[in-house]
Amino acid sequence: MAKTQTRYICQSCGASQPRWLGKCPACGEWNTLVEEVVSKSSGKSRRSSSGEQTGPQVLGDLRPDEKPRMLTKIAELDRVLGGGFVAASSVLVGGDPGVGKSTLLLQTAAALAASGIGVLYVTAEEAPAQLRMRADRLKLDSVNFQVLGESDLMTAIDWARQLQPALVVVDSIQTLRHPELESAPGTVSQVREVASMWTDWAKQTGSTVALVGHVTKEGAIAGPRVVEHLVDAVLLFEGDHAGGVRILRTLKNRFGPTGELGVFEMTGEGLLGVSDPSRLFLSERDADTPGVAVAPVIRGSRPLLIEVQALVSRSYFQAPQRNATGVDPRRLALWIAVLEKRVGLGLAGQDVFLNATGGVRLEDAAADLAACTAIASSLLNRPVDMSTVLMGEVGLAGEVRAVSGLDRRLAEVAHLKFKHVLVPAAGWKGKAPKGLDVIPVKTLDDAVRTVLNER
């Protein structure tokens, strides 16, 4: 029988303290320490997928796992996973309530069941009958998989051990609870124990576990950060509830690339993958609107064309506003400083608002040139030609620096029938796709004057 003891656990970072404190010493948050009864583990060693206890082994003597990946038949999800689920792995899918996490995994379970793959769906938030109503609303072809309505962790694992499914969906880790812990479901100790036991079960049996997790108001997955270290992959599902576009991106993947991105559209029949997201993101463009520019960015292995919108207006405050959506505010401050110092634009008394459409974050430095040009376009009230795309990293000296993956970016630009593209002169080798006019530029000032006809 495991021994128990009382500790004070921080509900923000998961740090453990022997007594109550007003402020957590680890993360600095106030009034987050909660008394919880935690179990003292006896410390079992890792077992192999066959259940046999293993000790140290020579790496060269081990045979790599040759099991094929389990394709979900949902192309955008398979892309983000790096080619499907890996056996004996655990995947954490996080997102805001109502964004579509359960819908995506329900569609995944139905697609795998249609292929004859065993699936167990553990639902602790909805009743099994409610899950069937959702499946009927989504008009799923196959719902021949096991559903378990259970909030007790040990009972759910016992059923999984009996059924031995290839995939277990746990919805969600915030609603399951370990019976030996007296804390409420969703607390740090409960979430950590739920994730740890399902991950160990996956390693022991060779099955795959998909864990659903909610996120906090700051956008981080609720619970201790140790949960993200326990699992093999972390996927974050994002999207505007008022709109239909959903973005699934990889935060961590031990078996594939990180930074990969999948695009879905929420419809009355569930989530549909968008095979050509660039067209979707650019579908509502207006030719006569200043402050709009298009940038080719690369997310994982996929090139995307993203519209960058800027609005510059006279400020009526002592300190002008600098607001950015989908962009690091520090990068926005840098772009404004470079435009003032190197291009000579007067932005000191102007409010500047910047937005990346489609819910995609502008983390690619190649979007610098388009963002700076959009700001200049709005300030000067001169639109950028709709047939023009801009790419390049902007340095502090106002130079346009070379970017990686130039050929892939140009191929996507040509695929969408754009006519002109500005590229860094430093990385240009003179090989342009057919029908595309490539304009090399050395400085931000050259780019702004070229695009906005300031010469």
Side-chain angles (χ1 to χ4, degrees), residues 1-17 20 24 27 29 31-41 90-106 120-131 134 146-161 168-202 209-231 234-237:
M1 183 70 179
K3 297 180 181 180
T4 60
Q5 62 178 351
T6 299
R7 302 284 291 182
Y8 289 87
I9 308 297
C10 176
Q11 302 303 295
S12 178
C13 68
S16 175
Q17 306 296 333
W20 185 87
C24 175
C27 66
E29 295 290 333
N31 299 321
T32 57
L33 292 176
V34 175
E35 184 179 13
E36 297 183 6
V37 177
V38 297
S39 63
K40 192 171 183 180
S41 175
S90 53
V91 179
L92 177 62
V93 182
D96 290 325
V99 76
K101 304 181 299 298
S102 299
T103 298
L104 176 63
L105 290 175
L106 183 58
L120 173 62
Y121 197 113
V122 179
T123 171
E125 292 190 355
E126 296 179 289
Q130 293 173 325
L131 198 68
R134 184 196 294 264
Q146 302 289 331
V147 177
L148 175 64
E150 183 59 63
S151 60
D152 185 280
L153 172 64
M154 302 311 298
T155 302
I157 289 181
D158 286 342
W159 275 109
R161 188 175 290 114
V168 175
V169 177
V170 179
D171 191 2
S172 66
I173 59 173
Q174 276 84 18
T175 50
L176 280 179
R177 67 177 303 272
H178 195 296
E180 294 184 4
L181 300 181
E182 296 185 4
S183 54
T187 56
V188 168
S189 56
Q190 287 283 2
V191 170
R192 180 173 54 230
E193 193 69 17
V194 169
S196 177
M197 293 200 68
W198 278 116
T199 300
D200 286 345
W201 180 83
V209 174
L211 306 171
V212 176
H214 300 303
V215 300
T216 63
K217 61 182 180 180
E218 290 81 15
I221 295 176
R225 293 303 298 268
V226 69
V227 172
E228 298 180 33
H229 297 287
L230 286 171
V231 298
V234 179
L235 311 182
L236 187 60
F237 209 27

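When a residue number appears, it is its place in the shown sequence, counting from 1. Side chains included, hydrogens not; waters and symmetry mates left out as well; all remaining heavy atoms used.
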Rounded to the nearest 0.5 Å, what's the gap from [atom1] on [X] to [atom2] on [Y]? Could you check?
X	Y	atom1	atom2	answer
I157	M197	CD1	CE	4.0 Å
T187	I9	OG1	CD1	9.0 Å
D200	L230	CG	CG	8.0 Å
H229	T199	NE2	OG1	13.0 Å
H178	Q190	NE2	CD	8.0 Å
L104	F237	CG	CZ	5.0 Å

Original post:
Around atom CH2 of W159, are there more than 12 heavy atoms of other residues, nucleotides or ligands at under 6.0 Å?
Top reply: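 12 or below, so no.
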When you compare the side chain of [Y] with that of [X], does any pair of heavy atoms fall below 4.5 Å?
X	Y	result
H214	K101	yes
V231	W198	no
V227	L92	yes
D152	P179	yes
C27	C10	yes

Nearest non-hydrogen partners of [X] and [Y], listed with the distance:
X	Y	answer
L131	Y121	CD2-CD2, 3.7 Å
E150	T155	OE1-CG2, 3.7 Å
L153	E193	CD2-O, 4.2 Å
A124	T175	CB-OG1, 3.2 Å
G213	I173	CA-CG1, 4.2 Å

Subject >> Residues forming a side-chain hydrogen bond (donor to acceptor under 3.5 Å, both in side chains) with R134, sequence neighbours excluded >> reply: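 Result, side-chain hydrogen bond (donor to acceptor under 3.5 Å, both in side chains) vs R134: T103, E126.
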**OP:** Could you check T123, L211, L148 and say which one makes a side chain to side chain contact (heavy atoms under 4.5 Å, CB included) with V170?
**Re:**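 Going through T123, L211, L148 one by one, the side chain to side chain contact (heavy atoms under 4.5 Å, CB included) with V170 is satisfied by L211 alone.
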**OP:** Output yes when a side-chain donor or acceptor of R192 lies under 3.5 Å from a complementary backbone atom of S196, and no otherwise.
**Re:**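 Not a single qualifying donor-acceptor pair exists.
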